Participant: 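The structure's right below; bear with me while I get my questions together.
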Amino acid sequence: MTAAQATRTPKIALVGNPNSGKSTLFNLLTGMRQKTGNFPGVTVDIKTGHFRLPGGKEVELTDLPGAYSLYPTSADERIVTSVFSNPSDPNYPDAVVYVADVTHLEKHLLLLTQLLDLRLPLLLALNMADAAETIGLKVNSAKLSEKLGIPVVLLSSRTGENVSKLLTEIEKLLEESENKHKDFYHLNEQERSVAEAIRMNAGVDNPYRALLLAHHYSWLPALAAPTRQTISAIVSNKQFSSLKHQVDETLERYDHFTPIVQAAVQPPPRFPSTATDRIDAVLTHRWLGPVIFALIMLLVFQAIYDWSSIPMDFIESAFAWLSDTLRAFLPEHWATRLLTDGIVTGLSGILVFVPQIAILFFLITLLEEVGYMARVVFMFDRFMRRFGMGGRSIVSLISGGACAVPAIMSSRTIGNWKERLITILVTPFITCSARIPVYVILIGLVVPAQKVLGIFSLQSLTFAGMYALGVFAALSSGYILKKIMRTRELSYLALELPVYRMPHWRNLWLTVWEKVSAFVWEAGRIILIISVLLWALASFGPGDSFQQAEVQARAEATAQQLSPEETESLVAAYQLEASYAGRIGKAFEPLIRPLGYDWKIGIALFTSFAAREVFAGTLAVLYQLGNAEADITDAAENETKATLRQRMEAEKFTDSGKPVYTLATALSLLVFYALAMQCASTLAVVRRETGSWKWPLLQFTFMTLLAYAGAWVVYNLFI
Amino acid sequence: MFRRYRTVESLKARECARALRIEDPFLASRLTAMGLLPGTLIEMIRRAPFGHTYYIKADGIRLALRKEEAQSILVDA
């Protein structure tokens with residue numbers, strides 16, 4: 001160890017194949033002391049955490065994405081390659097803990113041998129010792145250690161067996177000054193000449209690292225342009241064919257390490273794993289498989305949509321109480337209203353999503369942990385590919401039926417960037433729970449409560465139609481995006497279906513915790529800013545127009561001999577009309593008139609930009625229903641709902657005197673709400689997940705234009 | 001003189017064969033890294049509900065392959 005290394009926290013990287021139990025080991029070692037950061041340039045997360053060695057030294061642990069080889073075929077694997085091909089990468093470790101599944105050791109050592117040739121201090125953690133014991137597999141760690149020339153620890157990240165031994169070995173590894181292991185793979189003649197030329201011209205010391213540059217120079221992010229050109233010239237001059245050499249090298253490595261594995265591992269007397277085969281015979285069955293999946297998704301939907309309502313109602317009423325209490329104790333001032341109507345309401349709007357996000361991620365991580373998700377990908381890959389997505393996208397789309405926010409966050413499991421982006425872009429079309437209150441009022445208003453064919457109510461059929469419209473819009477946009485988006489990334493499936501395992505609870509809780517806190521801190525900030533902004537627009541007007549509105553409203557109330565409550569609601573309505581939000585509504589009127597809307601609907605559209613459910617509340621204020629926060633869906637507020645409906649039915653255009661809420665207007669509004677991106681939280685999450693404002697802005701523009709066109713067509717069809 | 005090889009895609013359910021080589025170089029790189037090598041014993045398990053996707057076992061590991069991927073693996077059966 002050099003002097004510079006001794007003074008800072010040593011970095012250890014966890015590397016291994018997918019399904020090696022790497023993340024379980026990471027969670028075991030770091031517990032809550034971990035954070036997720038974006039890898040620069042790509043939106044794949046790298047987790048880092050800290051833990052202490054037995055001697056008291058603190059080390060930093062990085063959980064690199066699972067990879068099979070340094071010849072990457074996905075964005076995840078590229079991260080591993082770019083870290084190890086560049087010793088000055090911030091994630092380049094001082095030592096590597098290589099995690100391998102001991103029950104499939106002959107398939108898990110390829111990447112290990114590649115890292116050996118990069119001369120990194122390295123130890124092999126043979127994971128799943130407990131599973132090996134159950135199936136009767138025996139392994140001679142000492143022999144493996146001797147043959148590979150590195151320390152080997154047989155452990156179990158599930159039971160914690162031998163983890164203390166791993167810590168001792170890591171401590172010893174960090175003290176080692178040089179690596180005793182010899183080269184595993186011997187470069188062939190052409191590879192040697194290419195690597196030699198790159199070593200001379202690009203300042204790379206290790207021959208295998210030089211060879212990696214010859215393979216990957218075209219995309220490695222850290223390479224400077226001149227170096228890239230130098231390597232490019234060498235590669236074309238020497239007629240180096242990357243793919244052929246990759247395969248040859250891989251096969252030769254297997255030829256080298258397969259005998260080592262065979263000498264050290266005594267396979268079980270009988271080949272086990274029949275449980276997974278029996279389960280898969282049912283779960284991936286041609287007909288039963290999709291049916292079982294539909295049932296599981298129904299359960300997930302029920303959990304997010306129904307069970308979460310208890311904590312959500314609690315959060316909402318707690319914040320309503322807080323707001324009322326603050327209002328009662330603080331002086332009447334705009335700052336008080338900023339606190340109660342802007343900040344507290346905004347916070348409530350963030351935290352109210354937490355139960356849904358927590359439940360969704362708990363269930364999705366559970367399905368992932370037991371190994372079911374890979375089967376979903378297998379079953380639905382073909383279907384979803386028609387729409388530019390992959391098997392994993394179906395989980396996001398179905399979750400979108402509850403709320404697009406957690407659904408978009410769950411798209412991380414999609415490996416292909418184009419498929420993931422399309423999934424993120426189309427998920428908000430799926431009818432989420434926030435659209436339901438809007439649908440309830442509008443359908444109740446214009447669709448007659450009659451039966452079709454004797455059993456189906458026309459209103460529920462319209463409701464079902466709105467869901468179908470959402471699915472149709474999502475899939476057809478996916479189809480269009482698939483046609484227009486270009487990608488350099490090759491699409492492939494070749495997915496490993498892991499053995500079914502019992503879930504590991506620590507992993508589950510840590511994932512839920514991580515997703516919830518990411519949402520609250522990152523998306524929450526933006527939601528809070530937008531809700532304060534909207535509050536300000538609805539609470540202030542230019543000049544003294546706000547005071548004038550109040551004076552005018554009070555004069556009219558006196559003239560009409562209204563009760564104090566009615567007076568207050570008349571004042572609120574006049575003030576909203578005079579506010580900036582009201583002015584924006586009026587300014588919008590010419591634009592939305594072709595869709596059949598008046599300026600009041602304009603205000604509702606504008607205020608419900610932040611969240612669709614605000615639509616009902618805004619209309620309640622505009623139609624002077626007293627309680628501005630009238631919750632239209634609540635059964636206890638049925639009276640309010642009936643009143644709101646009467647007021648809406650009576651509403652007439654000021655110029656023509658025709659009723660505003662006709663069948664055509666209501667259907668047009670329904671279509672608008674089904675297609676428009678009216679959710680600040682979703683936009684904030686899309687920004688977070690895609691790493692730029694480009695995609696949420698494009699998505700917002702596209703969805704709004706589509707909603708406008710759709711609403712216009714429907715209005716003109718029914719008028 | 002030119003014998004037409006069968007591919008994994010043509011295997012019937014429960015039929016086994018040994019992999020000979022992988023035609024597509026990109027897939028060859030991916031599949032060999034995952035442990036599907038020339039000589040690996042492959043068993044076809046089943047097709048996916050919507051077709052075009054195959055569930056196979058290769059030396060005890062379970063893999064899901066797209067049709068193009070299964071067509072690219074030549075077998076000796």
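Note on naming: letters A, B, ... go to the chains in the order of the sequence lines (proteins, then strands), and numbering restarts at 1 for each one. What you see is a predicted model; the values in this text were computed from it and never measured.
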Participant: Under a 3.5 Å threshold, yes or no: a donor from one side chain and an acceptor from the other, between B:Arg46 and A:Thr284?
Facilitator: yes

Participant: So which of A:Leu251, A:Val377, A:Leu111, A:Asn17 has the biggest tally of heavy-atom pairs under 4.5 Å with chain B?
Facilitator: A:Leu251

Participant: Of the listed residues (B:Pro25, B:Ala33, B:Ala28), which shares the most heavy-atom pairs with chain A below a 4.5 Å separation?
Facilitator: B:Ala33

Participant: Compare all side-chain heavy atoms of B:Asp59 with those of A:Glu106 and state whether any distance is below 4.5 angstrom.
Facilitator: no

Participant: Tell me, for A:Ala374 versus chain B, whether the close heavy atoms (under 4.5 Å) come from the side chain, the backbone, both or neither.
Facilitator: neither

Participant: Once you measure the plane-to-plane angle for A:Phe378 and B:Tyr55, does it fall in the parallel (<30°), tilted (30-60°) or perpendicular (>60°) bin?
Facilitator: perpendicular

Participant: Less than 4.5 Å apart, side chain to side chain, heavy atoms only: is that true for A:Asp277 and B:Arg62?
Facilitator: yes

Participant: Examine whether an atom of B:Leu65 lies under 4.5 Å from a heavy atom of chain A, and if so say whether it belongs to the side chain, the backbone or both; otherwise answer neither.
Facilitator: both

Participant: Contact part of A:Glu77 toward chain B, heavy-atom cut-off under 4.5 Å: side chain, backbone, both or neither?
Facilitator: side chain

Participant: One pair to check against side-chain contact (heavy atoms from CB on, under 4.5 Å): A:Leu495 and B:Leu63. What are the steps and the verdict?
Facilitator: CA-CA 6 Å; A:Leu495 174 80; B:Leu63 293 175; over 6 Å; no

Participant: Step by step, work out the side-chain hydrogen bond (donor to acceptor under 3.5 Å, both in side chains) result for B:Thr53 and A:Arg382.
Facilitator: CA-CA 7 Å; B:Thr53 318; A:Arg382 167 68 185 167; over 6 Å; no

Participant: At a heavy-atom distance under 4.5 Å, which candidate from A:Gln246, A:His108, A:Glu496, A:Arg385 has the highest pair count against chain B?
Facilitator: A:Arg385

